[in-house]
Number of protein chains: 2
Amino acid sequence: MKALTSIQQKFILHWGEMGTRWGINRTVAQVHALLYLSPDPLPADEITTLLGVARSNVSTSLKELQGWGIVRLVHVMGDKRDHFESLHDVWEMFRIILDERKRREIDPTREMLRATLNASAEEGLDEFTRMRIQELSDFMETSMAWYTQVSRWPQSVLTRFLRLGDQVLSLLKGGRG
Amino acid sequence: MKALTSIQQKFILHWGEMGTRWGINRTVAQVHALLYLSPDPLPADEITTLLGVARSNVSTSLKELQGWGIVRLVHVMGDKRDHFESLHDVWEMFRIILDERKRREIDPTREMLRATLNASAEEGLDEFTRMRIQELSDFMETSMAWYTQVSRWPQSVLTRFLRLGDQVLSLLKGGRG
DNA sequence: GATGAATTTCTGTTAATACTGAAATCTCAG
DNA sequence: CTGAGATTTCAGTATTAACAGAAATTCATC
């Protein structure tokens with residue numbers, strides 16, 4: 001891959017900025033953006049050059065992205081260096097990201113809420129607080145149960161479903177009588 | 001409101017931690033958690049005491065939360081100080097948060113992607129990059145169009161819908177013939 | 001198993017963000 | 001108007017997270 005075009009640079013910078021707003025390291029997001037745009041797997045050195053950050057920083061970011069499961073290590077014929085490529089399927093990519101954030105952040109929160117509600121007897125949990133936590137817990141359980149099911153739908157089904165939007169309501173009414 | 005129980009403290013700390021992971025200031029999230037748990041509106045001074053942070057920090061956080069639209073200023077009879085209360089309806093609260101994040105972060109990104117695709121003629125946008133950006137753009141347009149519609153549904157409709165989960169698929173098939 | 005390239009880990013530095021306390025401003029009763 | 005309480009702004013400080021460069025390790029080849 002040769003030097004980045006201004007459009008590619010703009011995209012990568014924006015993506016990095018977006019990352020920081022959602023609690024993702026800027027460089028990690030930039031590396032991901034670069035690999036997403038790259039037609040071929042890139043070696044770490046090239047990422048270093050293209051983004052202008054330290055080699056070690058790239059190494060850490062790649063580890064992080066592999067941990068998320070949206071970047072993987074591949075080998076290229078005649079080159080003994082590790083190369084890296086991003087998923088290119090956007091739907092799959094976001095599904096994985098959502099799954100991971102659910103697993104890392106939301107599930108532990110749900111667990112905490114559940115534990116709190118259970119401990120209500122022993123520890124002093126007043127009625128008002130219990131109510132608030134109960135409602136938060138219900139919200140999370142309901143939405144996550146839904147997400148877990150929907151995230152398993154094949155992409156074609158999902159897109160067709162999303163495109164229905166409001167229409168789904170009337171179809172549901174019709175479908176039931 | 002008297003001193004926080006250990007359960008309340010735990011919840012507030014967890015919520016603050018959760019905030020940082022999603023790009024929200026820890027104190028802002030803590031103030032929000034505290035007000036969410038509070039049966040009555042609280043004056044800034046009391047928040048300061050309960051959370052053990054600087055008065056000015058609370059002031060800034062309250063401004064931020066009001067900007068998001070999930071906390072509002074109210075007055076209490078016989079007390080000239082400003083008091084603050086959080087929304088207590090969880091569904092409404094998350095709807096507002098999602099709306100805001102969409103408005104602040106996702107919409108500008110969509111705009112950027114659209115602009116890039118339009119500029120493809122003038123600036124040098126190679127076919128591969130165009131494809132990648134097109135797919136990202138499509139993903140965002142589809143999912144945001146869906147969200148915009150669904151977020152307007154009354155809560156009762158939304159919860160009933162979510163609880164269907166997978167069932168919605170068979171109902172849709174049935175409904176159409 | 002020695003050699004050199006590639007990669008990762010680690011530590012100190014830098015940059016960004018959050019926070020405090022003081023000062024300034026606002027508000028309103030008297 | 002005046003003054004006390006309440007609130008916000010702001011400049012400096014502290015904390016945290018990100019990063020670079022050096023050192024250590026791994027890996028493949030001979």
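Just so it is clear: chains get the letters A, B, ... in the order the sequence lines come, proteins before strands, and each one is counted from 1.
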J.: Any side-chain to backbone donor/acceptor pair from A:T48 onto A:A44? Under 3.5 Å, distance only.
T.: yes

J.: For the residue pair A:T129 and A:D126, confirm or rule out a side-chain donor-acceptor distance under 3.5 Å.
T.: yes

J.: C:dA6 P sits how many Å from A:R81 CZ, rounded?
T.: 6 Å

J.: Strictly below 4.0 Å, N to O, side chains only: are B:R132 and B:E135 in salt-bridge contact?
T.: yes

J.: Here's a test of your reading of the structure: between A:D45 and A:T20, which maps to the more 5' nucleotide of DNA chain C?
T.: A:D45

J.: Scan residues 101-109 of chain A against DNA chain C and write down, sorted by residue number, each residue with any heavy atom closer than 4.0 Å; if none is found, say none.
T.: none

J.: Describe the nucleic acid contact of A:D82 in one word from base, sugar-phosphate, nothing, applying a heavy-atom distance below 4.0 Å.
T.: sugar-phosphate

J.: Hey, does the side chain of B:Q66 reach the backbone of B:V71 with a donor-acceptor pair shorter than 3.5 angstrom?
T.: no

J.: When you measure from the side chain of B:H75 to the backbone of B:R81, do you find a donor-acceptor pair of N or O atoms at a distance under 3.5 Å?
T.: no

J.: 5' to 3' on DNA chain D, which nucleotides open and close the contacts with chain A (atom under 4.0 Å from a heavy atom)?
T.: D:dA18 to D:dG21

J.: Quick one: sort the B:F161 and A:W146 rings into parallel, tilted or perpendicular, breaks at 30° and 60°.
T.: tilted

J.: What class does the angle between the rings of B:F94 and A:F139 fall in, given that below 30° is parallel, 30 to 60° is tilted and above 60° is perpendicular?
T.: parallel

J.: Is a side-chain N or O of A:S38 found less than 3.5 angstrom from the main chain of A:L34, in a donor-acceptor match?
T.: no

J.: Can you sort out the partners of A:S6 under side-chain hydrogen bond (donor to acceptor under 3.5 Å, both in side chains), two or more places apart, ordered by chain and number?
T.: B:E123

J.: For B:D166, does its backbone N or O pair with a side-chain atom of A:Q149 as donor and acceptor, under 3.5 Å?
T.: yes

J.: Tell me every residue that passes side-chain hydrogen bond (donor to acceptor under 3.5 Å, both in side chains) with B:R114, counting only those two or more places apart in sequence or in another chain.
T.: B:E111, B:E141

J.: Any ion pair linking A:D99 and A:R95 (charged N to carboxylate O, less than 4.0 Å)?
T.: yes

J.: Pull out every residue in residues 54-66 of chain B that has a heavy atom closer than 4.0 Å to any atom of DNA chain D, ordered by number, or say none.
T.: B:R55, B:S56, B:S59, B:K63

J.: Are there over 12 heavy-atom neighbours, none belonging to B:R101, within less than 6.0 Å of that residue's CZ?
T.: yes

J.: Report, as a single string ordered 5' to 3', how protein heavy atoms within less than 4.0 Å touch nucleotides 25-30 of chain C: B base, S sugar-phosphate only, - not at all.
T.: ------

